[in-house]
Amino acid sequence: MPKQKTALVTGANRSIGFEIARRLAAEGYRVWLGSRDVGRGEEAARKLRDQGLDAHVLQLDVTSDESVASAIAELNRQTDHLDALVNNAGIADSFTHQPFDEPIEVVKAVYEVNTFGPIRLTQAALPLLKASDAGRVVMLSSELGSLQALLDPQNQFYGINALGYNSSKTALNAVTVSLAKAAEPFGIKINAADPGYTKTDMNGHSGYRTVEQAAEAPVRLAMLGPDGPTAGYFFDDQTLPW
Ligand SMILES: NC(=O)c1ccc[n+]([C@@H]2O[C@H](COP(=O)([O-])OP(=O)(O)OC[C@H]3O[C@@H](n4cnc5c(N)ncnc54)[C@H](OP(=O)(O)O)[C@@H]3O)[C@@H](O)[C@H]2O)c1
């Protein structure tokens, strides 16, 4: 009998992460919703269980070595493999600052969640991903991480110059390429997905895409077959320029 598919989604207690978790669970995955607040995470997991889905909370603050280590230890007690890791948790504190005025502490805090968090967690999850027949890792990036997009005056995001946030996602793209190359010998595929400008708490619900649209590419990349890409950067089904 084939093993039940398993997935971990970070920052899954709300917004895009919750929708990604819901979709993967609806595809038959046992899903752990990473949440730094266990109460908020449990409430979200319960909503999915009430729909008959196999959803569980995992306390996880991606900025903390200790939290990541204990979350992976707990995951190891509950499963012997991980088929999909979706590094979704992110913060956007940079947007209220001009680049020359953005305090370095803010830049560091944004990198801790958006860039170092995915590195920390993906490294820690590697043994469980290797134990899968087809481990998949998805990084929630942004078109604001695309240097080519940000240098193109015709691009809709040309004027959005959030130093910490944009560069944290550019760095995440580089992390995606590096980890994807290192993961290839294990059959693990690692890709970056831009959910698009999506109506969530992150932007005061000013985005024009729904969380359902935003989750589409991350879910597809989390479930890639053996012929799927790795080290790619996608918006919906289009490849984005780095
Ligand atoms: N919305 C957009 O337009 C847009 C566009 C491009 C890319 N993205 C990216 O898509 C991802 C999801 O964005 P969103 O709009 O859904 O954001 P959101 O509504 O602000 O939700 C962010 C999620 O990340 C969690 N989180 C924050 N810091 C964390 C930490 N240290 N450890 C673990 N979880 C943490 C939050 O948990 P709490 O509830 O505990 O705060 C929340 O669950 C982010 O990576 C974002 O950069 C979003």
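Start at 1 and go down the list; that is how both ligands and their atoms are numbered. For the single chain, residues carry numbers from 1 onward in sequence order.
- Asp37 and Ser35 share no side-chain donor-acceptor pair at under 3.5 Å.
- A continuous path of Ile, Leu, Val, Met, Phe, Trp and Tyr side chains, each step under 4.5 Å between heavy atoms, connects Trp32 with Val62, placing both in one hydrophobic cluster.
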May I have a table of the N/O to N/O pairs between ligand 1 and the protein that fall below 3.5 Å, each row giving the two atom names and the distance to 0.1 Å?
unit_1, atom_1, unit_2, atom_2, d
ligand 1, 1 (N), Thr198, O, 3.2
ligand 1, 1 (N), Thr200, OG1, 3.3
ligand 1, 3 (O), Gly196, O, 3.3
ligand 1, 3 (O), Thr198, N, 2.7
ligand 1, 3 (O), Thr198, O, 3.4
ligand 1, 3 (O), Asn203, ND2, 3.2
ligand 1, 15 (O), Thr200, OG1, 2.6
ligand 1, 16 (O), Ile16, N, 3.1
ligand 1, 19 (O), Arg14, NH1, 3.4
ligand 1, 19 (O), Ser15, OG, 2.6
ligand 1, 31 (N), Asp61, OD1, 2.9
ligand 1, 32 (N), Val62, N, 3.0
ligand 1, 39 (O), Asn13, ND2, 2.7
ligand 1, 39 (O), Arg14, NE, 2.7
ligand 1, 39 (O), Arg14, NH2, 3.4
ligand 1, 40 (O), Arg36, NE, 2.8
ligand 1, 40 (O), Arg40, NH2, 2.8
ligand 1, 41 (O), Arg14, NH2, 2.8
ligand 1, 41 (O), Arg36, NH2, 2.7
ligand 1, 43 (O), Gly11, O, 3.1
ligand 1, 43 (O), Asn13, OD1, 2.8
ligand 1, 45 (O), Asn88, O, 2.8
ligand 1, 45 (O), Lys169, NZ, 3.0
ligand 1, 47 (O), Tyr165, OH, 2.6
ligand 1, 47 (O), Lys169, NZ, 3.0

Acceptor/donor pairs from residues 234-242 side chains to any protein atom, 3.5 angstrom cut, sequence neighbours excluded:
unit_1, atom_1, unit_2, atom_2, d
Asp236, OD1, Arg209, NH2, 2.8
Asp236, OD2, Arg209, NH1, 3.3

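- A distance-only check finds a donor-acceptor pair linking the side chain of Lys189 to the backbone of Gly228 [under 3.5 Å].
- Partners of Tyr197 by ring-ring contact (aromatic ring centres under 6.0 Å, His included), not counting sequence neighbours, listed by chain and number: Tyr208.
- A search for side-chain contact (heavy atoms from CB on, under 4.5 Å) contacts involving Phe100 returns nothing, not counting sequence neighbours.
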